[in-house]
Amino acid sequence: FGYAVPGFIAAALSAVNGVAAIFFLPESPRVRGRDRERTEPAQAASLRRWAKNLASYPLGLLLLVYFLAIMSFTAMTSVLALFAERAHAMDALDMGIIFSTAGGTTVVVRGMIVGWLAKQYGERRIVQAGTLVLSASLLTIPLVPNEIVMFALVPFWALATGLTFPSLASLVSQATDADSQGAMLGGQQVVGGIGRVLGPVWAGALFESLGIRIPFYVGAALVAVAVVLALGIPDAKYRKRRTEESGAESPPAGVA
């Protein structure tokens, strides 16, 4: 039906989603520290304190891992269709199948797997494993010999992102006091938004100027840096101590 129709359908779905949010989405429970003595202001007590705490350990480390991963992932998705067309003569239907497979995998991972894995191994290990798989997937994409292997590779990078991003959100909430969780998770979305802007820009420039495979190699290298940084994420004992000090209640990884 042409290039415009998918956009119109997406806009209609977004409008329905907005109306549903207005009428059916309840306000989340508010957890406040009124029954405890606070020895210092909340992490988001002011704009300056909010920014300072976003850059502090471990929040700054978590946000840097998230930035590198989301930027590289968005860079990959922005040029994947162009690469698939030129390298393997894949068409719009093929790409529809690829992204539908990725979306379906993510639904299964976030809805059924990541919460169970978080209870078994903790979000820290999930992030480390997820970023490792994502880096390997980005490195493999430009090396696949045909479209069959390309289809087979999709669940791996979908699995990686489905594990990594909600687990990072859960870790951010665990490192945040009860009165500041919304603000700090909002800060994570700011960081993610910047990554989503920058990723397609440099990916498109590298794709055009240096070659169709270069963006994937660069993305894999950036996520490899995230893997190394993820090794410095504090363990559960540290996060538990921070949570007890702040009185914060963090959502499970599958919900974040």
Side-chain angles (χ1 to χ4, degrees), residues 1-11 13-14 63-106 109 127 129-165 168 188-230:
F1 298 101
Y3 292 132
V5 174
F8 289 134
I9 294 176
L13 291 172
S14 296
L63 294 180
L64 182 55
V65 172
Y66 181 65
F67 173 76
L68 292 172
I70 194 70
M71 179 177 64
S72 301
F73 172 70
T74 309
M76 179 272 287
T77 58
S78 69
V79 297
L80 183 62
L82 296 172
F83 170 80
E85 179 185 33
R86 293 178 178 159
H88 305 297
M90 299 174 72
D91 58 18
L93 179 59
D94 293 327
M95 296 311 301
I97 294 172
I98 280 182
F99 286 116
S100 296
T101 302
T105 302
T106 302
V109 171
V127 171
T131 50
L132 181 62
V133 174
L134 180 59
S135 180
S137 299
L138 294 179
L139 180 63
T140 305
I141 288 174
L143 303 177
V144 298
N146 52 58
E147 64 181 77
I148 301 301
V149 182
M150 179 72 80
F151 284 122
L153 183 61
V154 174
F156 290 95
W157 53 260
L159 172 69
T161 57
L163 292 175
T164 301
F165 298 148
L168 281 169
Q188 181 187 14
Q189 294 306 307
V190 171
V191 171
I194 295 173
R196 291 183 181 94
V197 171
L198 296 180
V201 173
W202 62 254
L206 294 177
F207 188 95
E208 182 178 10
S209 60
L210 297 181
I212 64 175
R213 291 172 172 79
I214 300 302
F216 302 97
Y217 294 139
V218 173
L222 291 174
V223 181
V225 174
V227 175
V228 176
L229 293 173

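Nothing here was measured: the structure is a model prediction, and the numbers come from that model.
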* **Expected output: side-chain Ser78 to main-chain Ala75 donor-acceptor under 3.5 Å** => yes

* To do: Check step by step if side chain to side chain contact (heavy atoms under 4.5 Å, CB included) holds for Thr164 and Leu134.
  => CA-CA 9 Å; Thr164 301; Leu134 180 59; 5.7 Å; no

* Asked: So, the side chain of Thr77 versus the backbone of Thr74: is there a donor-acceptor pair under 3.5 Å, distance only?
  -> yes

Donor-acceptor contacts under 3.5 Å from residues 136-147 side chains, at least two apart:
{"residue": "Ser137", "atom": "OG", "partner": "Val133", "partner atom": "O", "Å": "2.8"}
{"residue": "Thr140", "atom": "OG1", "partner": "Ala136", "partner atom": "O", "Å": "2.7"}
{"residue": "Asn146", "atom": "OD1", "partner": "Ile148", "partner atom": "N", "Å": "3.1"}
{"residue": "Asn146", "atom": "OD1", "partner": "Val149", "partner atom": "N", "Å": "3.0"}

* Thr106 side, atom OG1; Leu163 side, atom CG - distance, nearest 0.5 Å -> 9.5 Å

* Output the distance between atom CZ (Phe73) and atom CD1 (Ile70), rounded to the nearest 0.5 Å. => 6.5 Å

* Asked: Near Phe151 CZ, under 6.0 Å, is it more than 12 heavy atoms from other residues, nucleotides or ligands?
  -> yes

* **Exam field: side chain Thr131 to backbone Val127, donor-acceptor pair closer than 3.5 Å** => yes

* Find out whether Gln188 and Phe165 are in side-chain contact, i.e. whether some heavy atom of one side chain is under 4.5 Å from a heavy atom of the other. => no

* Does the side chain of Val65 reach to within under 4.5 Å of the side chain of Leu168, using non-hydrogen atoms? -> yes

* Which pair of heavy atoms, one from Ser72 and one from Val223, lies closest together, and at what distance? -> CB-CG2, 3.5 Å

Identify each donor-acceptor pair in which a side-chain atom of residues 79-105 lies under 3.5 Å from a protein atom, sequence neighbours left out, and give them as a table.
{"residue": "Asp91", "atom": "OD1", "partner": "Leu93", "partner atom": "N", "Å": "3.3"}
{"residue": "Asp91", "atom": "OD1", "partner": "Asp94", "partner atom": "N", "Å": "3.0"}
{"residue": "Asp94", "atom": "OD2", "partner": "Asp91", "partner atom": "N", "Å": "3.1"}
{"residue": "Ser100", "atom": "OG", "partner": "Gly96", "partner atom": "O", "Å": "2.8"}
{"residue": "Thr101", "atom": "OG1", "partner": "Ile97", "partner atom": "O", "Å": "2.7"}
{"residue": "Thr105", "atom": "OG1", "partner": "Thr101", "partner atom": "O", "Å": "2.8"}

* Structure fact -> In terms of heavy-atom contacts, Val227 and Leu132 come closest through CG2-N, 3.5 Å

Let me check something: any side-chain donor-acceptor pairs from residues 200-210 under 3.5 Å, sequence neighbours excluded? List them with distances.
{"residue": "Ser209", "atom": "OG", "partner": "Ala205", "partner atom": "O", "Å": "2.6"}

* Of all heavy-atom pairs between Phe216 and Ile212, which one has the smallest distance, and what is that distance? -> CE1-O, 3.3 Å

